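Here the structure comes first, spelled out in structure tokens, and everything after it is commentary.
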Amino acid sequence: MTVKELRETVKSLLTEGKVDLVIGWGKGTMPGTSTPVFIDTAEKADSLIFDSTCRNNLSVYFTKDRRALAKDDKKIGVLVKGCDSRSLVLNITEKQIDREKVTIIGVPCNGVVDMKKVVGKVDGKEILEFTDDSKKVTVKGREFELTFPLDEVISDSCLTCVRRDAVEYDLFIGEAREPGSDENAYAEVEEFEKLDSEERWERMKQEYSACIRCYACRNVCPSCYCNVCFVDQNDPQWIGKSPEITDTMIFHIIRNLHVAGRCVECGACERACPMDIKLLLLNRKVAKEVRDRFGSITGTGLENKPAMADFKEDENQDFIMG
Amino acid sequence: MSEWQPKILAVLCNWCSYAGADLAGVSRMQYPPNIRVVRVPCSGRVDPLFILKGLQSGYDGVLVSGCHPGDCHYISGNYVARRRFAVLKPLLEFVGIEPDRVQFSWISAGEGERFAEVVSKVTEDIKKIGPAKRLVKGA
Ligand code: SF4
Ligand code: SF4
Ligand code: FES
């Protein structure tokens, strides 16, 4: 895929009247960043880009307080990476989005860059220019220039991702690759499972006691769209507001249960966290259970019911007292 | 000194397990007095927050019980609940809550004896692991 192809495709969609608006990514103001852009005329399409800085999961524009966007009569196109497409599929199966009204445009993802890792590569020096060619990243600053493989600086969520290309699309720019095997996708979870109970609790305490309960992880999540979130409810108040570890852990346990069978492991929550908490470990644990117990992988099929809204009568119930 | 006695929250569905508890009672069966019962319409009504709130506010263990699969008064409430618990239980264990701290069972209205057995078993299990420390408020 070239940026030119991307722009031309979007231009023709607009001029042929197939869509009224395309949501995509444009260059951000800082090196190594991108920003969502809303393209409603062919000229504007020239601001579109796609590279490893395109972290945002644009499916959020169809949920939360922006639901109206998907409900009015406009035909909307949206650019998606693999994980973003799974969010869309989930939201379609949850009847938040009408499949007919959205034109899904897949772009080939090679992982999105984690700028903290890049900054680490240059020992915290100021980066003035960032470029990537889908395999290598080059950064420039005052008196330095460094090139390294993209794989060394992609987000943790991308390291184990086996569905980098859209699972559902109307058109794909370039060629969509088949999903890989997820046999080893949960190695980190399995490692953690091996620790004893006490040790796991200590590690959790250590990791999560940094949480300042800003709820950025919830706000950014394309699967979190309740009108009133349980953390904002105060009558009854289900969840304590204190920074005590018990309140924080309960928030995170419930957050994970609320996105059980709904989390697409896009990593947006982890990237949004100002305290650098490794949030995906819990999300992944839940995703692994959902996969192993119910044979369900979130957002991979329009005909699949979300796992937690579904059941089989003769299901494994090994955890129920005999 | 007398033996430490755990406090156990028992969340029971109205149509089966609560009636099972009732049967155990009217049949004068003996079981440990450690449980405090909360009656809910169906196991499908059990929000994981009930369980976590219980542990947070001083219960040493939680037992949730509903109708056997196929017997739910609302047809599928317990099937949906089962999926919820199937994720909740391993997740709680993952973050370091002892496996026996939270338990699930199916008890019908006719199983008074089974109710007494389950409560005895859960009480024994929780005595073994001792007072709840993790997730407890002010701990
Ligand atoms: S919980 Fe995190 S990883 Fe999962 S869908 Fe939401 S933002 Fe993405
Ligand atoms: S974004 Fe991070 S600090 Fe904020 S609530 Fe979520 S985990 Fe806590
Ligand atoms: S009524 Fe007993 S589990 Fe639903």
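Proteins get letters first, then strands, A, B, ... in listed order; numbering begins at 1 in each. All values reported here derive from a predicted model rather than from experimental measurement.
Crowding of B:R84 atom CZ: a count of heavy atoms from other residues, nucleotides or ligands under 6.0 Å exceeding 12. More than 12 heavy atoms of other residues, nucleotides or ligands lie within 6.0 Å of NZ in B:K127, so this atom counts as buried by the packing criterion. No more than 12 heavy atoms of other residues, nucleotides or ligands lie within 6.0 Å of NZ in B:K133, so this atom counts as exposed by the packing criterion. No more than 12 heavy atoms of other residues, nucleotides or ligands shown are found within 6.0 angstrom of CD1 on B:I75. No more than 12 heavy-atom neighbours from other residues, nucleotides or ligands sit within 6.0 angstrom of OH on B:Y18. The environment of CD in A:E188 is sparse: at most 12 heavy-atom neighbours from other residues, nucleotides or ligands sit within 6.0 Å. Counting non-hydrogen atoms of other residues, nucleotides and ligands closer than 6.0 Å to CD of A:Q317 gives a total above 12.
When heavy atoms are compared at a cutoff of 4.5 Å, A:F230 approaches chain B solely by way of its side chain, counted from C-beta outward. Interface residue A:L281: backbone and side-chain heavy atoms are both found under 4.5 Å from chain B. Looking at A:D318, there are no atoms closer than 4.5 Å to chain B (heavy atoms on both sides), in backbone or side chain. Heavy atoms of B:V136 lying under 4.5 Å from chain A belong exclusively to its backbone. B:P69 touches chain A through its side chain: at least one heavy atom from C-beta onward sits under 4.5 Å away, while N, CA, C and O do not. Neither the backbone nor the side chain of A:D196 comes within contact range of chain B; no heavy atom of the residue lies under 4.5 Å from a heavy atom of that chain. Residue A:A307 touches chain B through both its backbone and its side chain, counting heavy-atom pairs closer than 4.5 Å. Contacts of B:K121 with chain A are made by side-chain atoms alone, with heavy-atom separations under 4.5 Å and no backbone atom involved. Both the backbone and the side chain of A:V189 come within less than 4.5 Å of a heavy atom in chain B. Contacts between A:K205 and chain B at a heavy-atom distance below 4.5 Å are absent for every atom of the residue.
Within the 4.5 Å cutoff, the side chain of A:M308 has heavy atoms near those of the B:V87 side chain. At a threshold of 4.5 Å between non-hydrogen side-chain atoms, the residues B:F94 and A:M204 count as touching. Taking 4.5 Å as the limit, some side-chain heavy atom of A:S242 sits within range of a side-chain heavy atom of B:K137. When side chains are defined from C-beta on, A:I253 does not count as touching B:P48, because their heavy atoms never get closer than 4.5 Å. Residues B:L135 and A:I245 have side chains not in contact (no heavy-atom distance under 4.5 Å, counting atoms from C-beta outward). Put simply, the side chain of A:S197 does not reach to within 4.5 Å of the side chain of B:E93, judged on heavy atoms. The side-chain heavy atoms of B:Y79 and A:E313, taken from C-beta on, include a pair separated by under 4.5 Å.
By number of non-hydrogen pairs under 4.5 angstrom with chain B, the leading residue of A:E202, A:E289, A:E244 is A:E244. Note on B:P90, B:P99, B:S105: by heavy-atom pairs under 4.5 Å with chain A, the leading option is B:P90. Chosen from A:D310, A:N256, A:V286, the residue pairing most often with chain B at heavy-atom distances under 4.5 Å is A:D310. Between chain A and the residues B:V64, B:L91, B:V80, the most heavy-atom pairs under 4.5 angstrom are made by B:L91. Per-residue counts of heavy-atom pairs under 4.5 Å with chain B were compared for A:G322, A:A260, A:G261; the largest is that of A:G322.
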Exercise for the section: Take A:M321 and B:L63 through the side-chain contact (heavy atoms from CB on, under 4.5 Å) test and state the conclusion after the steps. Expected result: CA-CA 10 Å; A:M321 292 175 73; B:L63 166 69; 4.2 Å; yes
Practice task
May I have the step-by-step check of salt bridge (charged side-chain N to carboxylate O under 4.0 Å, His left out) for A:E315 and B:R83, ending in yes or no?
Solution key: CA-CA 9 Å; A:E315 212 152 60; B:R83 280 218 164 174; 2.5 Å; yes
Problem - Chi angles and distances behind the side-chain contact (heavy atoms from CB on, under 4.5 Å) call for B:V95, A:H252 - result: CA-CA 10 Å; B:V95 303; A:H252 284 286; over 6 Å; no
Problem - Stepwise salt bridge (charged side-chain N to carboxylate O under 4.0 Å, His left out) test for A:E198 and B:R134 - result: CA-CA 9 Å; A:E198 174 104 38; B:R134 303 163 196 169; 3.4 Å; yes
Problem - Steps toward side-chain contact (heavy atoms from CB on, under 4.5 Å) verdict (A:W238, B:D47) - result: CA-CA 11 Å; A:W238 276 110; B:D47 187 319; 5.9 Å; no
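Taking CZ from A:F251 and CG from B:L52, the interatomic distance works out to 13.5 Å, rounded to the nearest 0.5 Å.
Between the side chains of B:Q56 and A:T246, at least one donor-acceptor pair of N or O atoms lies under 3.5 Å.
Geometrically, B:R82 does not engage A:F311 in a cation-pi contact defined by less than 6.0 Å to the ring centre and at most 45° from the axis.
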